[in-house]
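Below, chain A is the first sequence line, B the second, and so on; all start at residue 1. Scope of the values below: all heavy atoms of this structure, side chains included, with no hydrogens, waters or symmetry mates.
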Number of protein chains: 4
Amino acid sequence: MVFQVRPDSPVPIYEQIAAQVVFGVAAGDPPPGSLVPSVRELASQLIVNPNTVARAYQELERQGILESRRGLGMQVTTKAPELCETRRMEIIRQRLLHAVREAAASGLTADDVRSLVEEEWTRASGRARRRGREERT
Amino acid sequence: MVFQVRPDSPVPIYEQIAAQVVFGVAAGDPPPGSLVPSVRELASQLIVNPNTVARAYQELERQGILESRRGLGMQVTTKAPELCETRRMEIIRQRLLHAVREAAASGLTADDVRSLVEEEWTRASGRARRRGREERT
Amino acid sequence: MVFQVRPDSPVPIYEQIAAQVVFGVAAGDPPPGSLVPSVRELASQLIVNPNTVARAYQELERQGILESRRGLGMQVTTKAPELCETRRMEIIRQRLLHAVREAAASGLTADDVRSLVEEEWTRASGRARRRGREERT
Amino acid sequence: MVFQVRPDSPVPIYEQIAAQVVFGVAAGDPPPGSLVPSVRELASQLIVNPNTVARAYQELERQGILESRRGLGMQVTTKAPELCETRRMEIIRQRLLHAVREAAASGLTADDVRSLVEEEWTRASGRARRRGREERT
DNA sequence: GTGGTCTAGACCACG
DNA sequence: GTGGTCTAGACCACC
């Protein structure tokens, strides 16, 4: 599981972190019953305040995706995969909806938008794939 | 020129307003030399504080898209259309990039994303077209 | 008497106009008893709202430099030259004081300031002289 | 770093504050990487509204002189000193230009202006020097 | 604690 | 009527 936050995004960092946990769980990593990285570990990895990570986890706990195991850490629940698959689609759909809606309002044509999406997808997925490879190394 | 803000969006309202002015000018409405709606008028129309609109206009003035005419209002500059076409692409590209990047990170496939985009585009552009028609009525 | 306003100056336009009348009267043009340009004439010459000129004149009337002659216009008073010489020094001193004070606070040296003053003086007085010549033509 | 604003100046307070930060950075205090006084702190020190200080800082951020560090404060950028030396000269030159131009238009002679400048410089720099000494105490 | 955004409402300069 | 500046004070995201 690799995390990455964009401080310049309008999306709050704790939401970015929460979304990435959701994406990971939806993809089967980490699996139910396993522990997510500790607040301090993830915070130091992302160079982010521990409170920010804690808030992301707290949010996920509220959604039934994580549960706190005293003295152990935060554990992925058994129903998490199902919840996360749903959440993932909701999140992505929501983000794309906002972006596409704005593109539509901007006067661009459907083709403009399609080609922009293809272009950015190539960039973004290329990067994601490379990251994935490095990670497995 | 029809404006619409989403107070629940993570994007600041003043940026939403500024973006919509950019989109409008890029589409030729309002044309160079004309006045944008007054701060107070637009504020009351959007049910938003005048300062919020003023901040959007101030941002656009800084970018050379508007200029303040003492006692008259804010005027679209002659070079605004050119600037706005560029800005429009930057804004949309940026938004799509964020959304698509997140979609890529989420583990969705290219086809998932494409079909989501098509679906949301149909919804969004349909709405935009209807709004346009109503406006012309 | 030639007027010139700088809309980009932080000094309000009506004060700029009033100051220029003061400078003119202090230099003997227009002389006591003569009429200053009408509000409308000066306003159209400066491409400025008549109210703005009216306010400048009203300010000067309050200071005893102009007096309103019904149906004629605004007349330079007999004591105006004396008042204007004093006002002129006050105005210039005040402006220079502000500028020099800021220069002192900025950490520039006395020589930096002197050379800046000489440079700007050459530019400004050169332009003023040229304007004077053109005017006499 | 000592700040001082003149509420009666025609120059907006937020510009006065921004200019003083520029002067300070140009003089090496505060150095790159350090934090400027917090918005609230400076506001209470200057007996000014926090928004006014925030606007000054925002202006400087736009110019690349400061950058916001989430939850920490506003940090002087590495390229700030260079930018500030340039900005300092621009600001002072601009102010002196306005004042000198007006002096030239007023009919004063070069010597009048020079002696006024010397006089005001002595006053202003004397005061600045005294303030500096007190500050170091 | 930090800055960022927004609201509400004042006064000023200008048309 | 217009925008520009300033004040006062709210809530949010983050440290």
Query raised in the report: So which one's nearest nucleotide on DNA chain F is more toward 5', A/Pro50 or D/Val48?
Result: D/Val48
Query raised in the report: Taking atom types as they are modelled, is there a donor-acceptor pair under 3.5 Å from the base of F/dG3 to the side chain of B/Arg40?
Result: yes
Query - For atom OH of B/Tyr57 and atom P of F/dT2, their distance in whole Å - result: 11 Å
Query raised in the report: If each of D/Asn51 and D/Gly73 is mapped to the nucleotide of DNA chain E with the nearest heavy atom, which maps nearer the 5' terminus, i.e. the 5' end?
Result: D/Gly73
**Report entry** Length of the CG-P vector between B/Leu60 and F/dG3, whole Å
**Finding:** 13 Å
Requested in this report: For the side chain of D/Arg55, starting at C-beta, report the closest nucleotide among F/dT5, E/dG4, F/dA8.
Outcome: F/dT5
Requested in this report: Establish, with yes or no, whether the OP1 or OP2 oxygen of F/dC6 is under 4.0 angstrom from a side-chain nitrogen or oxygen of D/Thr52.
Outcome: no
Query - Carboxylate-amine/guanidinium proximity below 4.0 Å for B/Glu90 and B/Arg87 - result: yes
Query raised in the report: F/dA13 C1' sits how many Å from B/Asp8 CG, rounded?
Result: 17 Å
Query - Heavy-atom donor-acceptor pair, D/Gln16 side chain to D/Val11 backbone, under 3.5 Å - result: yes
Report summary line: note: D/Gln75, atom CD; E/dG3, atom P; distance rounded to Å ~ 12 Å
Query - Members of residues 12-23 of chain D that approach DNA chain E, where some heavy atom sits under 4.0 Å away - result: none
**Report entry** Watson-Crick or G-U wobble mate for F/dC6, both contacts under 3.5 Å
**Finding:** E/dG9
Query raised in the report: Do other residues, nucleotides or ligands put more than 12 heavy atoms under 6.0 Å from the CD atom of D/Glu61?
Result: yes
Requested in this report: Flag yes if more than 12 heavy atoms outside D/Arg62 fall under 6.0 Å of its CZ atom; otherwise flag no.
Outcome: yes
Query - Any strand: nucleotide that pairs with F/dC14 via Watson-Crick or wobble, under 3.5 Å - result: E/dG1
Report task. Tell me what B/Glu61 touches on the nucleic acid: a base, only sugar-phosphate, or nothing, going by heavy atoms under 4.0 Å. Result -> sugar-phosphate
**Report entry** Side-chain donor/acceptor contact of B/Arg69 with base of F/dG3 under 3.5 Å
**Finding:** no
Report task. Using whole Å, report how far CG of B/Asn49 lies from C1' of F/dG9. Result -> 13 Å
Query raised in the report: B/Gln58 has an atom CD; how far is it from atom C1' of E/dT5, in whole Å?
Result: 14 Å
Query - Given D/Val76, D/Leu83, D/Thr77, D/Leu60, the one that forms side-chain contact (heavy atoms from CB on, under 4.5 Å) with D/Val25 - result: D/Val76
Query raised in the report: Do other residues, nucleotides or ligands put more than 12 heavy atoms under 6.0 Å from the CD1 atom of D/Ile47?
Result: no
Query raised in the report: What integer distance in Å separates D/Leu72:CG from F/dC15:C1'?
Result: 6 Å
Requested in this report: Without swapping roles, check the side chain of D/Glu102 against the backbone of C/Ile92 for a donor-acceptor pair under 3.5 Å.
Outcome: no
Report task. Answer yes or no: does atom CD of C/Gln63 have more than 12 heavy-atom neighbours from other residues, nucleotides or ligands under 6.0 Å? Result -> yes
Query raised in the report: Between F/dG3, F/dC15, E/dT7, which one does the side chain of B/Ser68 approach most closely?
Result: F/dG3
Report task. Find the distance A/Leu46:CG to F/dC14:C1' and express it as a whole number of Å. Result -> 14 Å
